[in-house]
Amino acid sequence: MNTGHWFYRSEAEWAAVVERLKLTPCPHCRAVGTLVRHGALVGFDDARPPRRTLRARRVFCSDRHRRPGCGRTVSVWRADVIRRVGLTTRTVWGLLRRAVAVTLAAAVRGTPTHRSERTLRRLWRRFDHSQSRLRTALCAQCPPPTGPPDPGPRPALAQVLAHLVAAFPDPVDPLAAYQSATGTFAL
Ligand SMILES: [Zn+2]
């Protein structure tokens, strides 16, 4: 397991995390044998109307019953969660793709979600501000794809998305693949 944030992509992956808990060092205090399951974080998804959905599982480094843990918790995130907003990586991927290909306004209008236009525009700014961090992380996976510059209005950002697909060839959800593989939130 990587040292950044923890993610899981399926119930089977979560089951595997649980199975290894007793052998996994706590990311805070490095104690082994202290981690136990500790509930879940629930939020809303991006459907219209929004539905309550599980966003992360919690793990507790137990200091109860004389266990030597540190008493802190760890979140194990669903890999398709975008932090701080009730949106999935799939929805945000669609937004980013359309925004680099056409215009941000068209992308915002075409995104099927109950989230406000302001939220979507803020997410776009988060992507814009994250681009150099994303580039660095992607270069650790594979070199950027070569070829003529993207003909759309945002060639530099289009290049980041092309790099993402080259590193994580998942046509519908490369952002979830990125989060899971790198242990960092894409945005
Ligand atoms: Zn601990």
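Reckoned from all heavy atoms, side chains included, excluding hydrogens, waters and symmetry mates. First listed ligand is number 1; within each ligand, the first listed atom is number 1.
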Please tabulate, for side-chain N and O atoms in residues 60-73, each donor-acceptor pair with protein atoms closer than 3.5 Å (sequence neighbours left out).
| unit_1 | atom_1 | unit_2 | atom_2 | d |
| --- | --- | --- | --- | --- |
| Ser62 | OG | Arg64 | N | 3.3 |
| Thr73 | OG1 | Arg58 | NH2 | 3.1 |

Close aromatic pair by centroid cut-off 6.0 Å: Phe7 and Phe185: yes

Protein N, O or S atoms under 2.8 Å from the Zn ion (ligand 1): 4

Partner set under salt bridge (charged side-chain N to carboxylate O under 4.0 Å, His left out) for Glu13, not counting sequence neighbours: none

Residue pairs passing the salt bridge (charged side-chain N to carboxylate O under 4.0 Å, His left out) test where at least one lies in residues 159-169, sequence neighbours excluded: none

Same cluster (ILVMFWY, side-chain, under 4.5 Å), Val165 and Leu95: yes

Reference residue Asp46; test side-chain hydrogen bond (donor to acceptor under 3.5 Å, both in side chains); the match among Thr88, Thr53, Thr111: Thr88

